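Please read these numbers as outputs of a predicted model, since none were measured by experiment.
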Amino acid sequence: MLTPDLVTEPPRTVIGFKGRFMSALSPEANNLDVIPKLWARLFPRMSEIQASETEFSLGVIITEPNCDGELDYLAGRPVTVRSVHGNRLV
C-alpha cells in the first residue's frame, strides 16, 4: 500500500485553464472527459505563459464546502508574477 507524503509548499500563482467536473466517486462522474481536454488546451499554449517559474506544470483540484461532488480542476503552470493572459487562461 502506498503511503502519502505531506509536503508543504509556499503559495503559488498558477495560470492555465480551469473547468468544472464531477468527482470520480460520483455516479455522474465526468472527470475523464473534462480533465484531459484542459491539458489538451494548455499544451499548445504553454509558450504564452510569461514569467513561468519552472519547467513543470500543475493539476490543481479546487474544492468548495458542500460541493456535492462538483469540483474545479486547473491545468496550468506556476508563475512568479501575475500577468494578463487572454482567451480564458486563468
Side-chain angles (χ1 to χ4, degrees):
M1 184 164 144
L2 295 175
T3 304
D5 289 329
L6 179 61
V7 178
T8 302
E9 292 281 334
R12 296 183 186 270
T13 298
V14 178
I15 294 179
F17 291 104
K18 183 172 79 168
R20 185 149 288 196
F21 72 99
M22 292 300 292
S23 165
L25 302 176
S26 169
E28 295 90 27
N30 66 346
N31 56 309
L32 295 178
D33 182 49
V34 173
I35 294 171
K37 289 177 182 174
L38 295 171
W39 287 107
R41 288 178 64 198
L42 179 67
F43 285 136
R45 300 204 44 205
M46 278 205 233
S47 63
E48 295 176 43
I49 300 175
Q50 300 168 4
S52 183
E53 185 177 280
T54 64
E55 290 301 315
F56 65 85
S57 300
L58 295 171
V60 180
I61 296 175
I62 304 160
T63 63
E64 298 288 334
N66 304 317
C67 65
D68 293 329
E70 195 171 44
L71 306 164
D72 286 325
Y73 187 91
L74 173 63
R77 301 280 308 267
V79 294
T80 54
V81 295
R82 187 173 181 114
S83 56
V84 176
H85 293 276
N87 198 10
R88 297 188 43 90
L89 280 166
V90 296

N/O donor-acceptor pairs under 3.5 Å from side chains in residues 27-36, not counting sequence neighbours:
residue	atom	partner	partner atom	Å
Glu28	OE1	Ser26	OG	3.1
Asn30	OD1	Met22	N	2.6
Asp33	OD1	Lys37	NZ	3.0

What are the two closest non-hydrogen atoms of [X] and [Y], and how far apart are they?
X	Y	value
Ala75	Leu38	CB-CB, 4.1 Å
Phe17	Arg45	CZ-NH1, 3.5 Å
Trp39	Gly76	CH2-N, 4.2 Å
Ile62	Lys18	CD1-CD, 4.1 Å
Gly59	Tyr73	CA-OH, 3.2 Å

- Pairwise distance CD1(Ile15) to CG(Leu58) - rounded to 0.5 angstrom: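 One finds 12.0 Å between CD1 of Ile15 and CG of Leu58.
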- CE-CD distance between Met46 and Glu55, expressed to the nearest 0.5 angstrom: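 So the CE of Met46 and the CD of Glu55 are separated by 9.5 Å.
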- Query: Which residues pass the side chain to side chain contact (heavy atoms under 4.5 Å, CB included) test with Thr63, sequence neighbours left out?
  - Reply: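 Checked Thr63 against side chain to side chain contact (heavy atoms under 4.5 Å, CB included); matches are Ile61, Leu71.
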- Query: What residues, two or more places apart in sequence or in another chain, satisfy salt bridge (Lys or Arg N to Asp or Glu O under 4.0 Å) together with Glu9?
  - Reply: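 By the salt bridge (Lys or Arg N to Asp or Glu O under 4.0 Å) rule, Glu9 matches Arg12.
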- Query: Quick one: salt bridge (Lys or Arg N to Asp or Glu O under 4.0 Å) pairs with a partner in residues 61-75, sequence neighbours left out?
  - Reply: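 Those involving residues 61-75 are Arg20-Glu70, Arg20-Asp72.
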